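Working notes, beginning with the structure itself.
Predicted, not measured: the structure shown is a model, and the values here were computed from it.
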Amino acid sequence: MLKRYLLSPGPTPVPEKVLLDMAMPMIHHRTSEFSNIFKEVREGLKPIFGTRQDVLILAGSGTAAMEAAVVNTLNEGDKVLVVNAGKFGKRWVEIATTYGLDVITIDIEWGRSVKPDQVESKLIAHPEIKAVLVQASETSTTAYHPIEEIGKIVSLRDETLLIVDGITSVGVYETKMDEWGIDILITGSQKAFMLPPGLALIALSEKAWKFTEKSRIPKFYLNLKKERKSQLENTTSWTPAVSLIIGLKSVLEIMNKEGLPNVYKRHALCAEATRKGLMAMGFELLAKDIPSNSATGIVLPEGFDGGKFVKLMREKAGLTFAGGQDHLKGKILRVSHLGYHDFFDTIIALSSLEIGFSQ
Ligand code: PLP
C-alpha cells in the first residue's frame with residue numbers, strides 16, 4: 001500500500017475534520033440553516049482578504065473569478081495592463097483578449113518578479129489604462145509580485161483598477177486589500193483554503209463597484225451585481241456548492257483556532273525551510289527575486305527528465321509534486337507548502353526528494 005502525499009500547489013490536502021463535515025447529509029440551500037452558515041462564512045472571509053467589503057462566493061474554479069473580474073468592470077476596447085510573468089499572467093491576457101480588451105503587457109522572464117516602477121512607467125506612458133491585472137503569487141513560476149507597492153501606485157489613479165489574482169497568496173500571506181488599494185481580489189478553494197476545487201471567491205472595492213455600473217460586456221452566470229444583491233441577503237443567485245460552503249465553515253474554524261498570524265508564519269517557515277533545504281542539496285531556485293511562500297520551484301539539471309521524475313515519485317513513492325508548465329515542462333519541479341501543510345510535511349518533501357534524486 002502506498003501512503004499518498006499531495007505536495008502540489010493545488011489542489012492541496014483537505015483536513016480530515018473538513019472532509020467529515022462535508023460528508024453531512026445534503027441540506028437545501030433555500031433554508032435558514034444554509035443562510036446561517038453562509039452568513040458566517042461570508043463574515044469569516046473578510047479578515048483573510050483584509051477587507052470590509054463583501055467577499056462573494058461563486059461556484060466555479062479560480063478562473064471563474066478571474067473572468068468575473070474582467071466581464072463585470074471593463075468594456076470592449078478598454079486598455080488594460082497585464083503583468084505577464086507566467087502561465088497565469090498569460091491567462092489574464094487570454095481572458096481580456098477574449099472580451100475584446102486592448103491588452104498591453106509587461107513581459108517578465110518566468111521566475112522573476114515585476115518591479116513596481118515598471119508598472120508606473122506603463123501607466124505614465126498609457127494614462128488611459130483602465131486596469132492593471134496581476135498575480136500576487138504566480139504559481140507556475142513560484143514568484144511573488146510586490147502587490148502592496150503596486151497598490152500604492154495604482155490607487156493614486158481614480159480611473160484605473162488594480163485587479164489581483166490572489167489564488168495562491170490569499171491565506172498564505174497577510175493580505176490587506178483595503179489598505180493596499182487592491183480593487184478586486186480573487187482566490188479559489190483548493191489552495192490555502194484547504195478545500196476541494198469548486199469555489200471561486202471575489203471581493204470588489206467601492207471603486208470597482210462603480211466600474212460595474214459602466215461595464216457593458218455581456219454576462220449572465222457571473223453577473224456580480226446580481227450576485228451581490230443575493231449574497232447580501234445570505235443566499236445565492238444560483239444553486240451554491242453547498243458541501244464546499246459547509247467545508248469552508250469548518251476551514252475557517254480551523255484557521256481561526258490556529259490564529260491567522262500563525263497561519264501566515266507557518267507558511268513562511270515551511271517555505272524558508274524548503275528553499276534552504278533544496279539549495280543545500282545544490283538546486284537553483286526558479287524564483288530569483290521574491291520566491292513565493294506557497295510553493296518552491298527548482299531548476300532541474302540539464303537533460304534531467306522532470307516529467308518522468310514527477311510520475312515516478314507519484315506512482316512508486318506516493319508523493320505528488322508538480323512539474324513545470326508550458327516551456328518549463330520537464331525542466332522544473334515545484335514543491336508546495338500551501339494550505340494543510342506543516343513542518344513534518346516539509347521534512348517528508350525534502351527527504352523524499354533527496355532520496356529520489358540520489359536514485
Ligand atoms: N491563478 C493562479 C495563480 C493559480 O495558481 C491558478 C491555479 O492553479 C489559477 C489562476 C487558475 O485557477 P483554476 O485552475 O482554479 O481555475
Test log, rule side-chain contact (heavy atoms from CB on, under 4.5 Å), inputs Phe321 and Ser352: CA-CA 11 Å; Phe321 295 99; Ser352 64; 3.7 Å; yes
Intermediate values then yes/no, side-chain contact (heavy atoms from CB on, under 4.5 Å), Lys87 and Thr141: CA-CA 8 Å; Lys87 185 170 177 70; Thr141 67; over 6 Å; no
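- Side-chain rings of Phe309 and Phe357 approach one another, their centers coming within less than 6.0 Å.
- Using a distance-only test at 3.5 Å, with no hydrogens or angles considered, no donor-acceptor pair links the side chain of Lys3 to the main chain of Met1.
- Side-chain N or O atoms of Asp78 include one that pairs as donor or acceptor with a backbone N or O of Asn75 at under 3.5 Å.
- Counting only residues at least two apart or on different chains, the side chain to side chain donor-acceptor pair (under 3.5 Å) pairs with a member in residues 130-139 are Gln135-Asp165, Ser137-Thr168, Ser137-Ser292, Ser137-Ser294, Glu138-Ser140, Thr139-Thr168.
- For the residue pair Arg334 and Gly297, the shortest heavy atom distance occurs at CG-CA, 4.0 Å.
- The aromatic rings of His341 and His337 sit perpendicular to each other, their planes meeting at more than 60°, with 30° as the lower class boundary.
- What you find for Ala317 and Leu2 is that their closest heavy atoms are C-CD2, 3.8 Å.
- The two atoms that bring Val80 and Leu74 nearest to each other are CG1-CD1, 3.9 Å, heavy atoms only.
- In this structure, Lys316 NZ and Gln359 CD are separated by 12.5 Å, a value rounded to the nearest 0.5 Å.
- Clustering ILVMFWY residues whenever any of their side-chain heavy atoms sit less than 4.5 angstrom apart, transitively, puts Val310 in the very cluster that holds Ile348.
- The same ILVMFWY cluster, assembled from side-chain heavy atoms under 4.5 Å apart, contains both Leu222 and Ile167.
- Val18 places none of its side-chain heavy atoms less than 4.5 Å from the side chain of Ile246.
- Side-chain contact between Leu278 and Met281: present, with at least one pair of heavy atoms (C-beta onward) separated by less than 4.5 Å.
- Residues Ile147 and Thr175 have side chains not in contact (no heavy-atom distance under 4.5 Å, counting atoms from C-beta outward).
- The closest side-chain heavy-atom distance from Leu101 to Val70 is below 4.5 Å.
- Here the side chain of Lys288 pairs a donor or acceptor atom with the backbone of Leu285 at under 3.5 angstrom.
- Residue Glu354 places its CD atom among 12 or fewer non-hydrogen atoms of other residues, nucleotides or ligands, all under 6.0 Å distant.
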Criterion salt bridge (charged side-chain N to carboxylate O under 4.0 Å, His left out) on Glu213 and Lys225, from CA distance to verdict: CA-CA 9 Å; Glu213 297 301 330; Lys225 271 204 298 187; 3.4 Å; yes
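- The closest side-chain heavy-atom distance from Asp54 to Arg42 is below 4.5 Å.
- Ion pairing between Lys331 and Glu302 fails under the 4.0 Å rule for side-chain N and carboxylate O.
- Asp289 places a side-chain N or O within 3.5 Å of a backbone atom of Ser113 that can act as its donor or acceptor partner.
- Formation of a donor-acceptor pair under 3.5 Å by the Ser189 side chain with backbone atoms of Gly198 is found in this model.
- If you check the side chains of Asn72 and Thr212, you find no donor sitting under 3.5 Å from an acceptor.
- Note on Val83 and Leu185: same hydrophobic cluster, where clusters join Ile, Leu, Val, Met, Phe, Trp and Tyr whose side-chain heavy atoms are under 4.5 Å apart, directly or indirectly.
- The pair Lys39-Glu43 does not meet the salt-bridge criterion, since no charged nitrogen lies less than 4.0 angstrom from a carboxylate oxygen.
- Scanning all heavy atoms of the two residues, the minimum distance from Phe38 to Thr235 falls at CE2-O, 3.5 Å.
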Full working for side-chain contact (heavy atoms from CB on, under 4.5 Å) between Ile186 and Leu201: CA-CA 5 Å; Ile186 67 170; Leu201 310 173; over 6 Å; no
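- Aromatic pair Tyr173/Tyr264: ring centres not closer than 6.0 Å.
- Distance alone, capped at 3.5 Å, is enough to place a donor-acceptor pair between the Asp345 side chain and the Asp342 backbone.
- Heavy atoms from other residues, nucleotides or ligands lying under 6.0 Å from CD of Glu76 number 12 at most.
- A 6.0 Å sphere centred on NZ of Lys229 holds no more than 12 heavy atoms belonging to other residues, nucleotides or ligands.
- A cation-pi arrangement, defined by a distance under 6.0 Å to the six-membered ring centre and an angle within 45 degrees of its axis, is absent between Lys207 and Phe211.
- Under a hydrophobic-cluster definition in which Ile, Leu, Val, Met, Phe, Trp and Tyr are linked whenever side-chain heavy atoms come within less than 4.5 Å, directly or via other members, Ile254 and Met22 are assigned to the same cluster.
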Audit row: Glu272, Arg275, salt bridge (charged side-chain N to carboxylate O under 4.0 Å, His left out) steps and yes/no: CA-CA 5 Å; Glu272 184 64 10; Arg275 292 192 283 264; 3.1 Å; yes
Verdict with reasoning, Glu253 to Lys249, per salt bridge (charged side-chain N to carboxylate O under 4.0 Å, His left out): CA-CA 6 Å; Glu253 284 162 5; Lys249 175 179 180 307; 3.0 Å; yes
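- In this structure, CD in Glu67 is found 9.5 Å from CD1 in Ile217, a value given to the nearest 0.5 Å.
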Step-by-step salt bridge (charged side-chain N to carboxylate O under 4.0 Å, His left out) determination, Glu258 to Arg266: CA-CA 10 Å; Glu258 183 176 0; Arg266 175 169 49 81; 2.7 Å; yes
Stepwise side-chain contact (heavy atoms from CB on, under 4.5 Å) check, Gln190 with Leu195: CA-CA 5 Å; Gln190 77 275 26; Leu195 286 167; over 6 Å; no
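- The backbone N or O of Ile37 sits nowhere less than 3.5 Å from a side-chain atom of Glu40 that would complete a donor-acceptor pair.
- Contact check for Val172 versus Val263: no side-chain heavy atoms found under the 4.5 Å cut-off.
- Looking at every heavy atom in both residues, Val134 comes nearest to Leu162 through CG1-CD1, 4.0 Å.
- Under a hydrophobic clustering in which Ile, Leu, Val, Met, Phe, Trp and Tyr are joined whenever their side-chain heavy atoms come within less than 4.5 Å, directly or via other members, Met313 and Ile332 fall into different clusters.
- You'll find the side chain of Leu333 stays beyond 4.5 Å of the side chain of Phe283, heavy atoms only.
- Closest approach of Thr236 and Ser230 over heavy atoms only: C-CB, 3.7 Å.
- A donor-acceptor pair under 3.5 Å is formed between the side chain of Arg157 and the backbone N or O of Pro127.
- A donor-acceptor contact under 3.5 angstrom links the side chains of Asp183 and Ser205, judged on distance only.
- Relative orientation of the Tyr221 and Trp238 rings is parallel, given thresholds of 30° and 60° on the angle between their planes.
- Proximity of Pro197 to Pro11: side-chain heavy atoms (C-beta onward) are separated by under 4.5 Å at one or more points.
- Side-chain atoms of Thr187 do not come within 3.5 Å of backbone N or O of Ile202 as any donor-acceptor pair.
- With Lys219 contributing its side chain and Val71 its backbone, the two residues share a donor-acceptor pair below 3.5 Å.
- With hydrogens and angles left out, the side-chain atoms of Asn84 and Thr105 include no donor and acceptor closer than 3.5 Å.
- In this structure, CD1 in Ile108 is found 6.0 Å from CD1 in Ile106, a value given to the nearest 0.5 Å.
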